[in-house]
Amino acid sequence: MTALRSYPIARLRSALFGIATRRAVTDYLKMIVLISFLLLMIAWTIDLAEHFPSLRRAAGESGTPLLSLALPYLGHRAVDILARMLPIACFFGVFLAEIVRRERLETVVLVTSGASPWRMFAAVLWVGLFTGAVLDGLEARWRPAAVWTQVETGFGDYARRFRQDWLQGEHWFVSGDTALRGEVLRADPPEMRNVLVFVGIRAPRLKAIYAAERMVPGREPIQWTLLDGYAWELQQNGQSLEFEDFPITLELLPQNLTYLGVPEFYLPQDALLWLDALPNYRNAAKVDVALWRRMTVWLAAVSFAFLGVVLAQAGYTGRQMMIARLIGLAAMGYSAVVSLKVFWALGELGVLSAPLATLGAPVLGLAIAWVFLRKMA
């Protein structure tokens, strides 16, 4: 009786940790690493074609070895590139590895020996969880850190797009019944200059207007200080008052200015949480999607790895490889991977809720895999 009870446990242990599972995990991971490396090489080549002259010029001006600048830059770029490309590598890596395993008859031997399909999918689960953990780290921590390191060093597109400097033109912000206009210093801490504040914009008549040379953050998150300006209290016969510093409360955080014009999924986690807690934030949908992406992106790796192995098996009739079918199935799988970015974009536009936008593509991948599993059963 004891032996009968331990038999299912032994089968489960064999399915999760057996030799066949470990070998399959190794095959899948090797191919994922290979695909990731090839995509990384292509992206590095394109990137260096544009930015290598600036790296070489900076090395010459500072008298430092070129490699001491180029290698850290390539490392930072690799983090961003892998965050974008790893879902594709998960699908095509498992897809191609399963074809190779099928051609070596490993899958055929397992099936003819009585292994169930679910036992074969144990390896895919391990691979999906591992790559999902890597993708989660890239999305939530490593890519934001790499992006802002590039901004600090001054090399690459991110250094140009997100530079910490005075932004061109004047920017408007609306905080409750208050409107604010001024030039923004995108830095940490941020600052504004040539500031105009209009209080009571939702009332029939403005309550006050403040003009200041500068505005800097106060001690509290939504406290600001206007420096060197004038105040017109319009409900008091337009009486003006000159001030050196004037405290004002706005539904505006320093992070609003520090990361002005930066896509939310590039922001550090603490900045995202601050913006998420801010009432009436104009890009609330983008913040929600960015936070949900970081919580659910690992599911995409699991889903696309599972989809890859199922579509690879569906490309065979018995032991015969159907090349045209495999090409079509690969295109179908690639479309499912691309839908990840489509769902995210729809969520950022407010068309879909953040949970639906971030879970849509993984669920779609699993649904396609399930349909083909039913056909093969």
Side-chain angles (χ1 to χ4, degrees), residues 15-16 18-42 84-132 135 299-343 360-377:
L16 293 176
I19 296 176
T21 300
R22 297 199 302 270
R23 181 177 176 84
V25 168
T26 302
D27 291 340
Y28 294 148
L29 288 179
K30 283 181 179 179
M31 191 62 72
I32 290 174
V33 170
L34 176 60
I35 297 296
S36 299
F37 178 75
L38 293 175
L39 294 174
L40 184 60
M41 288 298 103
I42 295 171
R84 298 170 181 270
M85 299 298 181
L86 193 54
I88 298 175
C90 284
F91 170 73
F92 279 107
V94 174
F95 182 81
L96 295 175
E98 184 62 21
I99 292 175
V100 173
R101 285 168 52 80
R102 189 69 177 247
E103 290 301 301
R104 292 198 306 236
L105 301 181
E106 292 186 30
T107 307
V108 176
V109 170
L110 287 174
V111 171
T112 55
S113 65
S116 68
W118 301 112
R119 175 181 178 133
M120 296 166 59
F121 293 142
V124 183
L125 177 62
W126 285 121
V127 170
L129 292 176
F130 176 78
T131 54
L135 189 57
L299 286 172
V302 176
S303 172
F304 297 146
F306 187 72
L307 180 63
V309 73
V310 171
L311 293 186
Q313 293 178 2
Y316 282 80
T317 300
R319 298 185 183 180
Q320 184 178 1
M321 176 191 292
M322 311 299 292
I323 296 178
R325 186 191 300 175
L326 282 171
I327 293 174
L329 292 172
M332 179 186 298
Y334 179 73
S335 299
V337 176
V338 171
S339 74
L340 186 68
K341 300 291 182 66
V342 175
F343 276 101
V363 171
L364 176 63
L366 291 175
I368 295 173
W370 179 254
V371 170
F372 280 91
L373 273 178
R374 294 292 300 270
K375 290 182 178 180
M376 292 186 295

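For T131 (side chain) and V127 (main-chain N/O), a donor-acceptor pair under 3.5 Å exists by modelled atom type.
R325 contributes atom CZ, which lies 11.5 Å from atom OH of Y316 (distance to the nearest 0.5 angstrom). Distance CD1/I32 to CG/L86: 7.5 Å, rounded to 0.5 Å. L135 contributes atom CG, which lies 9.5 Å from atom CZ of F304 (distance to the nearest 0.5 angstrom). Separation of atoms CG (L373) and CD1 (I368) is listed at 12.5 Å; rounding is to 0.5 Å. How far SG of C90 is from OH of Y28: 13.0 Å, rounded to the nearest 0.5 Å. Taken to the nearest 0.5 Å, the CG atom of L326 stands 4.5 Å off from the CD1 atom of I99.
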Inset, instruction - Determine, step by step, whether V25 and F130 satisfy the side-chain contact (heavy atoms from CB on, under 4.5 Å) criterion, reporting the C-alpha distance in whole Å, the side-chain angles of both residues, the deciding distance to 0.1 Å, and the verdict. - result: CA-CA 10 Å; V25 168; F130 176 78; over 6 Å; no
Inset, instruction - Apply the test side-chain contact (heavy atoms from CB on, under 4.5 Å) to residues L364 and L340: give CA-CA distance (whole Å), side-chain angles for both, the deciding distance (0.1 Å), then the verdict. - result: CA-CA 9 Å; L364 176 63; L340 186 68; over 6 Å; no
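Aromatic ring pairs are classed by plane angle as parallel below 30°, tilted from 30° to 60° and perpendicular above 60°; the pair F92 and F95 is perpendicular.
What you find for A336 and L307 is that their closest heavy atoms are CB-CD2, 3.8 Å. Listed here is the closest heavy atom pair of A369 and V310: O-CG1, 3.5 Å. Residues A123 and A24 share a closest heavy-atom pair of CB-CB, 3.5 Å. Shown here for L129 and V302, the closest heavy-atom pair between the two residues is N-CG2, 3.9 Å. For the residue pair G93 and M31, the shortest heavy atom distance occurs at O-CG, 3.1 Å. The two residues G128 and A301 have their closest heavy-atom pair at O-CB, 3.8 Å.
Under the rule for a salt bridge (charged side-chain N to carboxylate O under 4.0 Å, His left out), the partners of R84 that lie at least two apart in sequence or sit in another chain are D80.
Each of W126, F306, W370 was compared with F121 under the ring pair (Phe, Tyr, Trp, His ring centres under 6.0 Å) criterion, and only F306 meets it.
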